[in-house]
Amino acid sequence: MSFLWGVMGGPSAGPQPSGAETIQKLCDRVASSTLLDDRRDAVRALKSLSKKYRLEVGTQAMEHLIHVLQTDRSDSEIIGYALDTLYNVISNDLEEEEQDDSEEENLTKVDDLGSQFTEIFIKQHENVTLLLTLVEEFDFHVRWPGVKLLTSLLKQQGPQVQQIILVSPMGVSRLMDLLADSREVIRNDGVLLLQQLTKSNAAIQKIVAFENAFERLLDIITEEGNSDGGIVVEDCLLLLQNLLKNNNSNQNFFKEGSYIQRMKPWFEVGDDNCGWSAQKVTNLHLMLQLVRVLVSPTNPPGATSSCQKAMFHCGLLQQLCTILMATGVPADILTETINTVSEVIRGCQMNQDYFASVNAPSNPPRPAIVVLLMSMVNERQPFVLRCAVLYCFQCFLYKNQKGQGEIVSTLLPSTIDATGNSVSAGQLLCGGLFSTDSLSNWCAAVALAHALQENATLKEQLLRVQLATSIGNPPVSLLQQCTNILSQGSKVQTRVGLLMLLCTWLSNCSIAVTHFLHNPANIPFLTGQIAENLGEEEQLVQGLCALLLGISIYYNDNSLENYRKEKLKQLIEKRIGRENFIEKLGFISKHELYSRAAQKPQPGFSSPEHMMFDHEFTKLVKELEGVISKAIYKSSEEDKKEEEVKKTLEQHDNIVTQYKKVIREQDQELEELKQRVTTLMSQNEQLQATVTQQVSQIQQHKDQYNLLKVQLGKDTQHHNSHGDTFQMNGIQTEEVSKLKEELEEWKHKHELLQGQIREKDFLIEKLKSSQLEIGTTELSSQSSRSGGLEHNNELQKELEMLRSQLQLQSAEISQLLIENQKLQVMNTASDPVLGDSGAIVAKSSELEGQLEQQIKELKSEVKALSEEKESLKQHLDSSSSTVAILQDEKIKLQQEVAESKKEQDDLLVLLADQDQKLSALKIKLKDLGVPVEDEDDIESGDQGDEDEDVDEEEQD
C-alpha cells in the first residue's frame, strides 16, 4: 500500500483528500447497503471516478467489486458497472484527451499499476473462473465489459491468466463462442481476446484450432471483404498467425481441412491497382505472411512440401505470380509477394517448373526470372526488393538441377543468342558480376554460386564459358576473369562475393581446381593476401582466401607437378605458417555477419554494407573448415594413404553404383515380369472359366447324343421286327401330340374370349342401368336414350353371335377330343395283332389314310378357328369403341341431367314465390269479400280431370 501511495506522489492539498473520502464512502455504501438500487448507484459512482482516481478505487474498491460480481448476478446493470470499473483500474490504455500535464509526467510511474492490480485480481483463481462465467452471459452490458476486462488481464499477466483458463473446465471453449456472437462489437473484441490468449501457448493454440477457429475466422474475413476489409480482417489474420506459426499440428490441421484453398480469393487483385488504401496494404501484407508461415523453411520438410503442392493445385501459386507480374502494385506488397513466391517454390520441383514457365506481360514476352534478375542487378531499385529477388532466385535453384542446368546453359557458347534480340539470365548475371556496383557484383556472384550448388557436372561445363573483355583482345574464361577482378583490389563486398563463388565452384571439383591452379598468378595472390597483416575489414577477405587455398589443396588431384598437394603445403609453411593459416581461416566463422547469415535462408540485411555472407555458403564453410585444417597438418605419407583410401572408396563407390544400377534394372524387369504374370493369370482364369463352360456344354451334348443313340438303336430294332408299322405309329404319335398342344392352346384362347365377353356384358349392364336412370329426367333426352338402346341391342346381337360361334368351337373341340381318344385306342389295340403281317399292313394303310384325312380336316378347322379368332378380335375392338362412345354419351347425358335439375330447382323457386304471392292475394280478396276457391278444391278438380284423361287413353 505504501508503495502505491508513493507512486502517486502521496496525498496533496486540493481535491485529492475529498476524492479519497468519497471513494471510501462509496465503498462502505456498496458493502453495507441492503437495497440493490443503492448499491448500483454506488458502483456507478465508482465507475465514474475510476479513471481519475485509479489508484484509490483499485486499492479500496476491488474487493467490494468482486463481491458484487459474486452476489448480484441477477442484476445485469450493476454487474456491468462493476466490470467497467475493474477494467478502468486494471487497463493501462488511458485516454490521451483525459490526461493533463501532471498525469503525463507521472504516466511512466503508474504503468505498472495495471500489472499489480492484475496480480491482486488473479491471486484468487476463482475470480478468473467467475469472469469466464460472466462472459457466457448473453446480456450485452455484461458480456462486452467482461471480454474487455479479460483481454486486459491477459495483456498484463498473460502466462498466468493463460494457465488459469487452461485448467478451467471448458475455459477456452467458452471464449470460442464469442466468434459466433451476432453483435459485431463483441465478436471483434472476442478476436482481440483470443489474440492475447493464444500468444506463445501451443496447448491453447491447439484447443482453439480444434474448436473450429479456422472456419469461423475465414468466414469473418470473407464477410468483411477479404483484403478490402477493415481492421477486423487485420485482427483475424493476426490471430491466424498466432495459431499457425511454429505449430506443426495446427498447420497440418489447416492443410487437411482444405483451408488453403480458401486463401486463393484473398489475392484476386483487379487490373486497376492504383490508389490502394493503407488498410488494404496491411491486410494483404499479413495474408502473404500467413502463406509464408505454412511454407517456411523452418517447418518440417514433409509438412512444407504438402502445403506447397496444395497451393499449386488450388491455384494459389498462380494467383501470386499474377500479382508478381502486375503493374501498379505497391513496392512493399511486391517485395513481400516475391518473398512468398520464393518459399512456395523452394525445394518443390513441380512449383519450380511452373515458375520457370511464367512470362511477364511484355512485348515480346520475357520469362519472369529474367525480369526479376533485371531488377536485382539494377542499382536504382530498392535494396529490399533486390534482396527479395535474390532470395527468389536462390529458392528457384534450391534442389533443382533442371533449373540449374537451364541457367548455366544460357552462358555456354552453343546456346547464346547470336542476334542479341533477347537478354538471357546468364547474360544478366555476367553483367551484374562485372558491373561497377558492388551490391550487383555480390548478388550476381551468389546467384551464380547457387546455380552450381552440389552439381559437379555444371561446374565442369561452366569452365567452357569465354568472355570478350575488349575489342582486339582474345577472350578469357569466366574463371580467369573472376581472379583478375580479385587481383585488381576492388571493394570488399565485390571480393567477398567473388571468393564465395570461387569456393563454391572449386569445392568437390578437381577439374576446376586444376584450371584454377593452371594460372600461375592465383596462388601467389592468395598467399600474399593471407600473409599480410591488414585491418578488420580485410580480415574477412583473408579468411576467404585461406578457404579458397585450402580447397585447392584438399580437392587437388596432383595433375600439375608444380602445384601438388605437398608443394602447396610447404608453400603455406614457408610464407604463412600453419598456425597463422588456421587462424585466418577461423576469421570466417567468428564473424558476426556469418552468424546472422547462418540463421535462416532468407537474406535479412539491414543495409547493403552488411550483405556479406550467404546462408548456403555458411553450410559449405562449416563442412570444409575442419577437413581443410586436418589436411594442412597431414604429411605426404598420410596424403598417400588418404589418396589410396579415396581411390579405394571411389572404386567401391563405382562398384556400388554399378550394383545399384543392376539392381535398379532388375527391379524394373521384376516389375515388368510381375505385371506380365498378373495379366497372364487373369487371362488364365478367363480361359479356365471358358474351358469349364465348354466342358459342361460338351457333357450336355454327349448326354443328348447318348440318348439319341439309344433311341436310334431301339428304333432300328423296332424297324427290323415290325417294318413300316413302327414308322406309321411314330408318325401317328407325333401328330397326336401336336393336336393335343393345339387343343390346349384353343382352350386357353376360348377362356380368354369368355372373360372378355363377361367384361363387355358387365359394361353394357352398367350402361343400361345408368341410361334408365337418366331417361326419367327429361323429355329432351329421350332421343339420346333410344339411340343408346339401339347400340345396346346391336351389342347384344353381336354377343349372341359370338356365343354361338364359341359353342360351335367348343363342339368341334369336343369332337376332336373324341377322335383323339379313338386314335389312342386304335394305337393301343394295334399292338396285340402284330403276328399277322398282311393284316397289319392293310390296317396300317387304312389307318394312315384316315389319319391323313383327319389331319387335313383338323388343319382346316384350325385355320377356320384362327379366322374366327381374328373376326372375334375385330368384334371386340368394335364393341370396345362402342362402349367408349356410350361412355361419352353417358357423360353428356349426365351433364344435361345436371342442367335440367338446376333449371327445375330454379322453377321450383319461382313457383314457391308465386304461391306466396297467390296466397297473399287470396287473403286480400277474402278480406275484400271476394269469394276465392281453396287450393284443395282446385287440386281435387285437377286430379279428377287427370283421371278422366287416363280413362280415355285406356279406352283408346
Side-chain angles (χ1 to χ4, degrees), residues 30 33 35-48 50 57 61-91 93 117-118 120-122 124-157 161-198 204 207-208 211-213 216-217 219-220 232 235 239:
V30 172
S33 295
L35 293 176
L36 180 61
D37 292 338
D38 292 342
R39 294 198 303 275
R40 187 189 304 121
D41 293 338
V43 175
R44 185 191 297 117
L46 286 172
K47 175 190 171 185
S48 62
S50 59
V57 174
M62 182 176 288
E63 185 178 350
H64 300 295
L65 293 171
I66 293 172
H67 185 69
V68 167
L69 295 178
Q70 294 171 346
T71 57
D72 292 329
R73 292 279 301 278
S74 59
D75 186 65
S76 61
E77 193 172 355
I78 191 173
I79 295 293
Y81 292 147
L83 291 170
D84 283 332
T85 306
L86 288 170
Y87 172 74
N88 293 336
V89 169
I90 290 173
S91 177
D93 301 331
F117 284 135
T118 301
I120 294 169
F121 184 84
I122 67 174
Q124 298 294 328
H125 293 181
E126 295 80 6
N127 295 338
V128 179
T129 306
L130 175 63
L131 191 54
L132 289 172
T133 307
L134 292 173
V135 168
E136 281 189 293
E137 296 288 339
F138 186 74
D139 193 313
F140 181 80
H141 297 93
V142 176
R143 197 172 207 184
W144 188 38
V147 171
K148 292 195 296 181
L149 176 58
L150 193 54
T151 305
S152 183
L153 292 173
L154 285 163
K155 285 181 180 178
Q156 302 296 339
Q157 298 287 341
V161 179
Q162 285 175 342
Q163 194 61 32
I164 296 170
I165 294 174
L166 191 59
V167 299
S168 176
M170 299 293 291
V172 179
S173 300
R174 295 177 187 177
L175 299 179
M176 283 301 300
D177 293 337
L178 297 172
L179 295 181
D181 200 304
S182 58
R183 295 160 293 193
E184 289 190 2
V185 176
I186 295 177
R187 183 199 68 184
N188 298 342
D189 282 350
V191 174
L192 296 174
L193 169 60
L194 291 172
Q195 275 185 29
Q196 299 297 327
L197 181 66
T198 55
I204 293 178
I207 296 172
V208 171
E211 287 285 344
N212 207 22
R216 295 182 184 180
L217 291 172
D219 288 341
I220 294 172
V232 179
D235 294 335
L239 177 54

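Both backbone and side-chain heavy atoms feed into the values below; hydrogens, waters and symmetry mates do not.
No more than 12 heavy-atom neighbours from other residues, nucleotides or ligands sit within 6.0 angstrom of CD on Glu63.
Of the listed residues (Lys47, Arg40, Arg44), just one forms a side chain to side chain donor-acceptor pair (under 3.5 Å) with Tyr81, and that residue is Arg44. Between Ile78 and the options Val30, Asp37, Val142, Val43, a side-chain contact (heavy atoms from CB on, under 4.5 Å) holds for only Val43. Checked options Leu132, Ile207, Leu194; the residue passing with Val172 is Ile207 (criterion: side-chain contact (heavy atoms from CB on, under 4.5 Å)).
A donor-acceptor contact shorter than 3.5 Å links the side chain of Ser48 to the backbone of Ala45. Formation of a donor-acceptor pair under 3.5 Å by the Asp72 side chain with backbone atoms of Asp75 is not found in this model. Judged purely by atom type and a 3.5 angstrom limit, Arg216 uses its side chain to pair as donor or acceptor with the backbone of Met176. Side-chain atoms of Ser168 never come within 3.5 Å of backbone atoms of Ile164 as a donor-acceptor pair (strictly under, hydrogens ignored). Formation of a donor-acceptor pair under 3.5 Å by the Asn127 side chain with backbone atoms of Phe121 is found in this model.
Taking the side chain as every heavy atom from C-beta outward, Leu193 and Leu154 approach each other to under 4.5 Å. For the pair Val191 and Val232, the minimum side-chain heavy-atom distance is 4.5 Å or more.
Nearest heavy-atom pair, Thr129 versus Arg174, reported as atom, atom and distance to 0.1 Å: O-NH1, 4.0 Å. Between Ser50 and Val57, the closest heavy-atom pair is CA-CG2, 3.8 Å. Summarising the geometry of Arg73 relative to Thr133, their closest heavy-atom pair is NH2-CG2, 3.5 Å, with the distance given to 0.1 Å. Taking each heavy atom of Gln195 and Asp235 in turn, the nearest pair found is NE2-O, 2.9 Å. Between Leu130 and Gln70, the closest heavy-atom pair is CD2-CG, 3.6 Å. Taking each heavy atom of Gln156 and Ile90 in turn, the nearest pair found is NE2-O, 3.7 Å.
Remark: Ile186 CD1 to Phe138 CZ distance equals 7.5 Å, nearest 0.5 Å. Summarising the geometry, atom CZ belonging to Arg187 is positioned 8.5 Å from atom CG belonging to Leu179; distances are rounded to the nearest 0.5 Å. In this structure, the separation between CG on Leu65 and CG on Leu86 is 5.0 Å, given to the nearest 0.5 Å. To the nearest 0.5 angstrom, Leu153 atom CG is 13.0 Å from Phe117 atom CZ. The line from CD of Glu211 to CD1 of Ile204 is 12.5 Å long, rounded to the nearest 0.5 Å. Taking NE2 of His67 as the reference point, atom CZ of Arg39 lies at 8.0 Å (rounded to 0.5 Å).
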Test log, rule side-chain contact (heavy atoms from CB on, under 4.5 Å), inputs Leu150 and Leu175: CA-CA 10 Å; Leu150 193 54; Leu175 299 179; 3.7 Å; yes
Verdict with supporting geometry, Asp38 and Ser33, side-chain hydrogen bond (donor to acceptor under 3.5 Å, both in side chains): CA-CA 6 Å; Asp38 292 342; Ser33 295; 4.5 Å; no
Leu192/Gln196 under side-chain contact (heavy atoms from CB on, under 4.5 Å): CA gap, chis, key distance, verdict: CA-CA 7 Å; Leu192 296 174; Gln196 299 297 327; over 6 Å; no
side-chain contact (heavy atoms from CB on, under 4.5 Å) between Leu197 and Ile165, intermediate numbers included: CA-CA 9 Å; Leu197 181 66; Ile165 294 174; 3.7 Å; yes
Criterion side-chain contact (heavy atoms from CB on, under 4.5 Å) on Leu131 and Leu83, from CA distance to verdict: CA-CA 9 Å; Leu131 191 54; Leu83 291 170; 3.7 Å; yes
Salt bridge (Lys or Arg N to Asp or Glu O under 4.0 Å) between Arg143 and Asp181, worked out: CA-CA 10 Å; Arg143 197 172 207 184; Asp181 200 304; 2.7 Å; yes
